[in-house]
Amino acid sequence: MVAHLLRLKLTLLRNGFKRSPWQLVGVILGAVYAVGVLGMLLVGLVFLGSGEPEVARTAIILAGSAVFLGWALIPMVATGVDMTLDPARFVTFAIPMPQMLAGLALGGLIGVPGAVTLLASLAQAAAWWQHPAAMIAAVVCAAVAALTAVLLSRLTTSASTTLASSRRFKDLSGVIGIIPLMLLGPIIIGITEGLESSQDFLPALAETLAWTPLGSIWAVPGDIAVGHWGAAAARFVIGVAFLVLIAWLWKLSLARALVTPPYNAVTRRGAGKLGWFSRFSATPTGAVAARALTYWFKDPRYGASLISIPLIPVVMAFAFAPMGDFGFMLWLGPIMAFLLSFAISADISYDNTAFALHVTSGVSGRADRAGRVIACAVFALPVTLVFAVAPFFFLGSWQLLPATLGLSLGVLLSGLGLSSVVSARYTYNVPLPGESPFKTPPGSTARMMIVQMLGMLVLVLIALPEAALALAALLTGAPLFSWLALAVGLVLGTALLVIGVRVGGAWYDRRAPELLQAVAINK
């Protein structure tokens, strides 16, 4: 049965490559990249082994602890990621628990993440090439560590099966997952500054982690290299005991998940609560706007864009504030307008088969385009105004306020018009409804990048008039340029918005069946 589960994992992976040659290309490129990283890691470990063993020991403990944390936490937030051996899929099969556990555990090593973890764990033995006993111990500990990492991910996956069956949990975890990604730069800067101010911090942290389940198994070879055989034996026992503990907990969690599988409870709501549909007029445009706005606040693929809004100023502050340059705050309004206005450029692609509602109900292209623009403008316009005006309360220079407003509103209006054309003319594969916002569908990267980059380039070009006037106002300080930027931004932006809705509507009317066929393929 264990061999059958492993063959099933290999078969599923092989069939996944047959869906699209681009997916196979992506996996090959990922494997080549992983091999390159492993090669550099091996060279670095050999070089590290030529120095003091305490330094290598500290580095390996910290890196190994981070690997364990990654394997434990990522499955909890990466909802929608492909899981070919998801325990929930075996609910109806009477597979003996020991064979199930062994098959799922070993199956976790099949694939790029598992293979890379195993090879990286074995590679750390190269750091002890000057200490034969430590090198042998490192190989044994690598096997324990790789299996521990896989079991950690399996434990968190099966333990969170009930939560993962909840749509609310999926949406929330998928949206929250973008926060650490966007703040990765500030986090790295903060850690770097902390390390520079305290050079003894890392060895102390490694010593602490060495007595915890996260770092104990990684510390064993280093302890042997420095002659601490008693500590090495104690930490090896901690590491093996941790492996046995999580295996036992995984067994309990998996048994419960298989015997009492989770279900989605039906949410009961009072009659007459129509949400956004009760706030818009009973017209095709109003219905489309209400539907689109509902997606903006309930679909994690859209929510990821909304939650990133307050994080952008934080990232820019960490990039420019240390240099004493706060002028970046003047550009927050145009940047927000640029990003929010282009956010609906893939609206039809995100609809997927739900776009059939628009086609079968006979909604006109102009009503569809206008409804989606109104939905985006409901929050995009206030956000743009806030970020365009708020910086002047801190920086002064109120004479530049009309220029900033003109550029921000011009970009927002022009971008909404451009997006109305792009989404009706070009479609590409996006994460399906209910999937993680971070998932990249196979074969979509090249087309998506081309459409997005060309679209953003066009948006920059059509916003050049108000941008040039705003720059002139900034350089000369003349109020005339500032007020001209406001006037041009409003007039030109409004004109481009109207043109975009009409042109996009015409494209929509001509291509509605083709659009439905295109987005329905990605399912």
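Starting from 1, each residue takes its place in the sequence as its number. These numbers come from a predicted model, not from an experiment.
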Quick one: closest heavy-atom pair of [X] and [Y], and the distance?
X      : Y      : result
Val411 : Leu459 : O-CD1, 4.1 Å
Ala146 : Leu118 : CB-CD1, 3.7 Å
Ala126 : Trp129 : O-CD1, 2.9 Å
Gly333 : Thr384 : O-CG2, 3.9 Å
Ala206 : Thr58  : CB-CG2, 3.8 Å
Val139 : Ala125 : CG2-CB, 4.1 Å

To the nearest 0.5 angstrom, please state how far the [atom1] atom of [X] sits from the [atom2] atom of [Y].
X      : Y      : atom1 : atom2 : value
Trp218 : Thr148 : CH2   : OG1   : 8.5 Å
Ile246 : Arg154 : CD1   : CZ    : 12.5 Å
Thr427 : Leu515 : OG1   : CG    : 6.5 Å
Lys251 : Leu151 : NZ    : CG    : 13.5 Å
Gln124 : Ile60  : CD    : CD1   : 5.0 Å
Ile224 : Trp128 : CD1   : CH2   : 10.0 Å

Under 3.5 Å donor-acceptor, Ser419 side chain and Leu416 backbone =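 Not confirmed, Ser419 side chain does not pair with Leu416 backbone.
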
Asp347 side chain to Ser423 main-chain N or O, any donor-acceptor pair under 3.5 Å?
->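 No; judged by distance alone, with no hydrogens or angles, the pair does not exist.
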
Close side-chain approach of [X] to [Y], heavy-atom, < 4.5 Å:
X      : Y      : answer
Thr212 : Leu209 : yes
Leu340 : Val383 : yes
Leu293 : Phe379 : yes
Trp229 : Asp223 : no

When you look at CD of Gln130, are more than 12 heavy atoms from neighbouring residues, nucleotides or ligands closer to it than 6.0 Å?
->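 Count over threshold, so yes.
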
Parallel, tilted or perpendicular, as decided by the 30° and 60° cut-offs, for the rings of Phe242 and Phe68 =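 Tilted: the ring planes of Phe68 and Phe242 meet at 30° to 60°.
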
Please list, chain by chain and in numerical order, all residues satisfying side-chain contact (heavy atoms from CB on, under 4.5 Å) with Leu119, sequence neighbours excluded.
->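 Leu119 satisfies side-chain contact (heavy atoms from CB on, under 4.5 Å) with Leu38 only.
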
Cationic tip of Arg235 above Trp211 ring, under 6.0 Å, 45° of axis =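 Yes, Arg235 sits over the ring of Trp211.
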
Can Arg372 and Asp351 be said to form a side-chain contact (heavy atoms from CB on, under 4.5 Å), step by step?
-> CA-CA 12 Å; Arg372 296 177 191 268; Asp351 278 353; 2.7 Å; yes

May I have the step-by-step check of side-chain contact (heavy atoms from CB on, under 4.5 Å) for Val226 and His131, ending in yes or no?
-> CA-CA 9 Å; Val226 297; His131 308 274; over 6 Å; no

Determine, stepwise, if the pair Met336 / Val386 fulfils side-chain contact (heavy atoms from CB on, under 4.5 Å).
-> CA-CA 10 Å; Met336 293 297 177; Val386 168; over 6 Å; no

Could you walk me through whether Arg425 and Glu514 pass salt bridge (charged side-chain N to carboxylate O under 4.0 Å, His left out), step by step?
-> CA-CA 10 Å; Arg425 181 62 183 87; Glu514 289 80 4; over 6 Å; no

Are Phe342 and Gln452 close enough, and set up right, to give a side-chain contact (heavy atoms from CB on, under 4.5 Å), and what steps lead you there?
-> CA-CA 9 Å; Phe342 206 72; Gln452 294 284 326; 3.2 Å; yes

